[in-house]
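Not measured: the values here are computed from a predicted model. All ligand and atom numbering here is 1-based and tracks the order in the structure.
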Amino acid sequence: MSVEIVQADALAQLAAATSEAALRELEVALLGKKGAITELTKMIATAPPAERGPLGKAINGAKAAVTQALEARRSALVEGAIAAELADRRFDVTLPGRSPSTGSYHPVSLVQERLEDIFVAMGFRVLDFYEVEDDFHNFEALNIPKNHPARDMQDTFWTTDGLVMRTHTSPGQIRAMRSIAPPFRAVFPGKVFRNEAIDASHEHTFHQLEGLMVDREVSVANLISTLRIMLSQVMEREVTIRLRPGYFPFVEPGFECDMQCLICGGGGCRVCKHSGWVETLGCGLVHPNVLRHAGLNPEEWQAWAFGIGLSRLVMMRYGIDDIRHVMGGDLRFLQQFV
Ligand code: DAH
């Protein structure tokens, strides 16, 4: 077949192509390894020597013409597509774009991170302990022996091999004191689990943050001031707190710390059960038995500790009046915390 015919045929096919995909196929069919134009070069070897020069030239010319026509057709098609898009009245360039959806932090995570930052700034380290604990760390070492009525204060999930889903973050106290040489201060946030019927104010899984300060001498005054700093900073406003005596086997003296309700300003509302105060945390001076279980001599070392639930804090921080919103997992609620 003559070079002219192959070239003319190729140009006709290019002119008839109506899409970029069709052009890509043609490019292979014409200029690819086994393409029609490439095949022409094989004729050179069998041509009489005198014709080889002119034949080669003609083939190169055909190749150049087809390549050029291909590019020209390609840009015509692209421009045509753009022009068609612009001419389409339904395409409104003034509309805002669709932004890709990004995740957002859960408010409990936001409050936890804030608390960690606040404590790091006060020289505390942030520790992480096990969610599955043994009886010793969750109870025994915290001065809650078997058959002690205090075990009924927290309904427990037991695993089939006799371990417990930690009912509080307090077992971290034992682990921290056993692994870090005193004096030290630390907080340890985490999930805790209780075998409770779920209702408006109870979840079987929730979040706490435990604080522990060990030194040769610690004071309730220092504990109170630390608590006030923590709460005021996490709430980003001055909060009023009060301490009441409270019983926890692992502290003596033990206290319940309330803060004035920030939802109603102390006037009384649903969240504070119309008392103006919200139970916020438990705290106290670590019991000598606990220090002993953690390997510290109570004659030599003292400690204060507190444990705080995070969902109540989230409610105060963001003015949420129903705990079910916090753990409900409704995206319309969660997406407000960016
Ligand atoms: N572990 C207790 C609970 O979950 C809270 C608590 C009370 C922690 C007093 C403490 C403390 O460190 O001193 O109910």
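- Listed for the R73 side chain is a donor-acceptor partner under 3.5 Å among the backbone atoms of A17.
- Within the structure, ligand 1 has C283 among the residues with a heavy atom less than 4.0 angstrom away.
- Close approach to V251 involves these atoms of ligand 1, each under 4.0 Å from a residue heavy atom: 13 (O).
- Both the backbone and the side chain of A305 come within contact range of ligand 1, each with a heavy atom under 4.0 Å.
- A distance-only check finds a donor-acceptor pair linking the side chain of S75 to the backbone of A72 [under 3.5 Å].
- Tested against F306 for a ring-ring contact (aromatic ring centres under 6.0 Å, His included), the candidates F255, F248, F119 yield a single pass: F119.
- Residues passing the side-chain contact (heavy atoms from CB on, under 4.5 Å) test with R216 are E300, W301, sequence neighbours excluded.
- Taking only nitrogen or oxygen atoms, main chain and side chain alike, T167 does not reach within less than 3.5 Å of ligand 1.
- If you check each of H168, Q173, R194 against atom 14 (O) of ligand 1, the one with the closest non-hydrogen atom is R194.
- Proximity to S170 (heavy-atom distance under 4.0 Å) selects the following atoms of ligand 1: 1 (N), 8 (C).
- For atom 5 (C) of ligand 1, the choice among G284, C257, G211, G307 with the nearest heavy atom turns out to be G307.
- In this structure, Q302 contributes its side chain and V218 its backbone to a donor-acceptor pair below 3.5 Å.
- Taking every non-hydrogen atom of F306 and a distance limit under 4.0 Å, the qualifying atoms of ligand 1 come out as 8 (C), 10 (C), 12 (O).
- A salt bridge links K42 with E39: the distance from a Lys NZ or Arg NE/NH1/NH2 to an Asp or Glu carboxylate oxygen falls below 4.0 Å.
- A salt bridge links K146 with D135: the distance from a Lys NZ or Arg NE/NH1/NH2 to an Asp or Glu carboxylate oxygen falls below 4.0 Å.
- Not a single heavy atom of F255 sits under 4.0 Å from any atom of ligand 1.
- Near Q208, the atoms of ligand 1 lying under 4.0 angstrom from a non-hydrogen atom of the residue are 3 (C), 4 (O).
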